[in-house]
Each structure stands twice: as C-alpha cells, then as structure tokens.
Amino acid sequence: MGKLTVRALRAVLVVVLTGTVFVQALMLWALISGNDPEDGSLPLTPLRVITILGIGTAQVAMVCVWRLVTMVRRGTVFSHAAFRYVDAIIGAIVAAALVWFAVTALNAPGQRDDPGVTVIMCGVGLAILGVALIVLVLRMLLAQAVARDVEAAEMQAELYEVI
C-alpha cells in the first residue's frame, strides 16, 4: 500500500472520526440538557440513544481499520494479531445491523398505513448483515494467507537447514 493511499485513508478516518465524536457530543448534550422538546410522531430520546450507539459502532470499525492499515504499512498484517481487528469490525457491523433493526422497530408503528417503508428498512438491515458476511469471507481469506505465510516460513527454515 502506497504512502499516499495510507495518508489519504488516515485523513479521511480522522475527519470522519472527529465529525462523529462531534455529533455524538451534540446528541448527548441534547439528551442531558433536555432543551430539545419532542414534537414529532417518533419519540426522540430513544432515537438519540440509538444514534449514539450506531455512531459508536462506526467508530469502532474506523479505529480497527486504522490499526489494520498500520499493520499493512509495517508488513505484519499477515499475522494472527490482525484477526482481533477484523473480528472487531465484524462485531461492529453486526451491532450496527442490530441498531438499525431497533430503529426499524421504533419506526414501524408510525408506518401502519404504508408498511412498505418498514419492509425496506428491514431490507437495509439485512444488507448491513450482508456486509458483515463479506468481511467474514475476507477474514477467511486472511486466515488462508496467514497459514500460507507460516507454511512458507517453515519451508524456508527447512531449506536453510539443508543448505
């Protein structure tokens, strides 16, 4: 991975992480202060809590991506240490899907006249779970690469013994 790519990705991660922390702080302030009256058809307090949790799942994934990029730059990504970050990303995506299903459940009573919205929202939740499955497949590819790397190192050690 080139230096420019790493720098660009890290810049994006910093900007997005900073923005999400700012939004979380504003949401938390609105919850604590009680200055924002609820006037809509949906209860805003549960939605704010769910939004804060949902943003937290994205933040976990971003931190893990940062760590994996660091491992790529150091040439250590094909090791067992990378699995914990990939597993955390998978967990964050599954948690994001659960958060989305909670939003869907909160929104569903208001959609009795048009249940298609709820069906579409459930479809989005399933798509989020699909992303988790894609990352799981990529984790399996990483596991194969790590196994091949270990096997190559063992074969190289045997070759050095013969020589």
Side-chain angles (χ1 to χ4, degrees), residues 1-32 46-107 118-163:
M1 187 181 284
K3 287 183 180 182
L4 181 62
T5 306
V6 170
R7 287 182 181 160
L9 178 58
R10 286 186 173 167
V12 168
L13 289 173
V14 165
V15 169
V16 173
L17 192 59
T18 303
T20 57
V21 168
F22 180 71
V23 169
Q24 274 182 322
L26 289 177
M27 290 253 179
L28 196 58
W29 176 255
L31 277 174
I32 293 171
L47 283 177
R48 284 190 186 106
V49 171
I50 289 172
T51 302
I52 291 169
L53 294 174
I55 291 172
T57 63
Q59 291 168 337
V60 168
M62 285 186 282
V63 169
C64 291
V65 168
W66 183 285
R67 293 296 301 149
L68 287 170
V69 168
T70 300
M71 292 179 81
V72 167
R73 288 297 296 152
R74 291 181 183 156
T76 59
V77 75
F78 294 116
S79 65
H80 293 287
F83 289 113
R84 69 177 160 186
Y85 299 116
V86 176
D87 291 340
I89 291 171
I90 292 169
I93 295 170
V94 170
L98 295 175
V99 166
W100 182 257
F101 286 127
V103 169
T104 302
L106 277 175
N107 188 48
T118 303
V119 172
I120 291 170
M121 289 178 75
C122 285
V124 169
L126 289 175
I128 295 169
L129 287 174
V131 172
L133 289 174
I134 291 169
V135 177
L136 181 62
V137 168
L138 294 174
R139 183 194 186 283
M140 290 180 204
L141 292 173
L142 177 64
Q144 287 179 353
V146 169
R148 295 276 192 271
D149 195 42
V150 168
E151 182 180 334
E154 290 172 357
M155 291 177 78
Q156 190 173 21
E158 288 177 14
L159 182 62
Y160 285 141
E161 287 179 14
V162 171
I163 295 177

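Predicted model, so just to flag it, every value in this text is computed and none were measured. Side chains included, hydrogens not; waters and symmetry mates left out as well; all remaining heavy atoms used.
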Engineer: For M62, which of T57, I89, V14, V16 qualifies under side chain to side chain contact (heavy atoms under 4.5 Å, CB included)?
Structural biologist: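 When T57, I89, V14, V16 are each tested with M62, the side chain to side chain contact (heavy atoms under 4.5 Å, CB included) holds only for V16.
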Engineer: Locate the shortest heavy-atom distance separating F83 from A143; write the atom from each residue and the value.
Structural biologist: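 For F83 versus A143, the nearest heavy atoms are CZ-CA, 3.5 Å.
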Engineer: Give me each pair satisfying salt bridge (Lys or Arg N to Asp or Glu O under 4.0 Å) with a member in residues 131-152, each pair once, sequence neighbours excluded.
Structural biologist: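 Counting only pairs at least two positions apart or across chains, the salt bridge (Lys or Arg N to Asp or Glu O under 4.0 Å) contacts touching residues 131-152 are D87-R139.
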Engineer: Please name the residue in the list V12, T70, L13 that meets the side chain to side chain contact (heavy atoms under 4.5 Å, CB included) test with V65.
Structural biologist: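 Single side chain to side chain contact (heavy atoms under 4.5 Å, CB included) partner of V65 among V12, T70, L13: L13.
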Engineer: So L17 and W66, do their side chains get closer than 4.5 Å, heavy atoms only?
Structural biologist: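 With C-beta onward as the side chain, the pair stays apart.
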Engineer: Could you tell me whether the side chain of M27 reaches within less than 4.5 Å of the side chain of I55, counting heavy atoms only?
Structural biologist: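 They are not in contact (no side-chain heavy atoms under 4.5 Å apart), so the answer is no.
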Engineer: State, with a plain yes or no, whether a side-chain heavy atom of M140 is found less than 4.5 Å away from one of V86.
Structural biologist: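 No, side chains not in contact.
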Engineer: Supply the atom-to-atom distance I52 CD1 to Q59 CD, rounded to the nearest 0.5 angstrom.
Structural biologist: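 Here the interatomic distance stands at 10.5 Å.
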Engineer: Give, for atom CZ of R84 and atom CG of L68, the distance between the pair rounded to the nearest 0.5 Å.
Structural biologist: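 If we round to the nearest 0.5 Å, R84:CZ and L68:CG are 10.0 Å apart.
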Engineer: For residues Q24 and G56, report the shortest heavy-atom separation together with the two atoms involved.
Structural biologist: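 Closest approach of Q24 to G56, heavy atoms only: NE2-N, 3.5 Å.
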Engineer: Taking all non-hydrogen atoms of both residues, which atom of A82 and which atom of M71 are closest, and how far apart?
Structural biologist: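 Minimum heavy-atom contact is N-CE, 3.6 Å.
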Engineer: What are the two closest heavy atoms between R73 and G2, and how far apart are they?
Structural biologist: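 In this case the closest contact between R73 and G2 is NH1-C, 4.3 Å.
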Engineer: Just distance, no hydrogens or angles: give the donor-acceptor pairs under 3.5 Å from side chains in residues 90-103, sequence neighbours left out.
Structural biologist:
unit_1 : atom_1 : unit_2 : atom_2 : d
W100   : NE1    : M121   : O      : 2.7

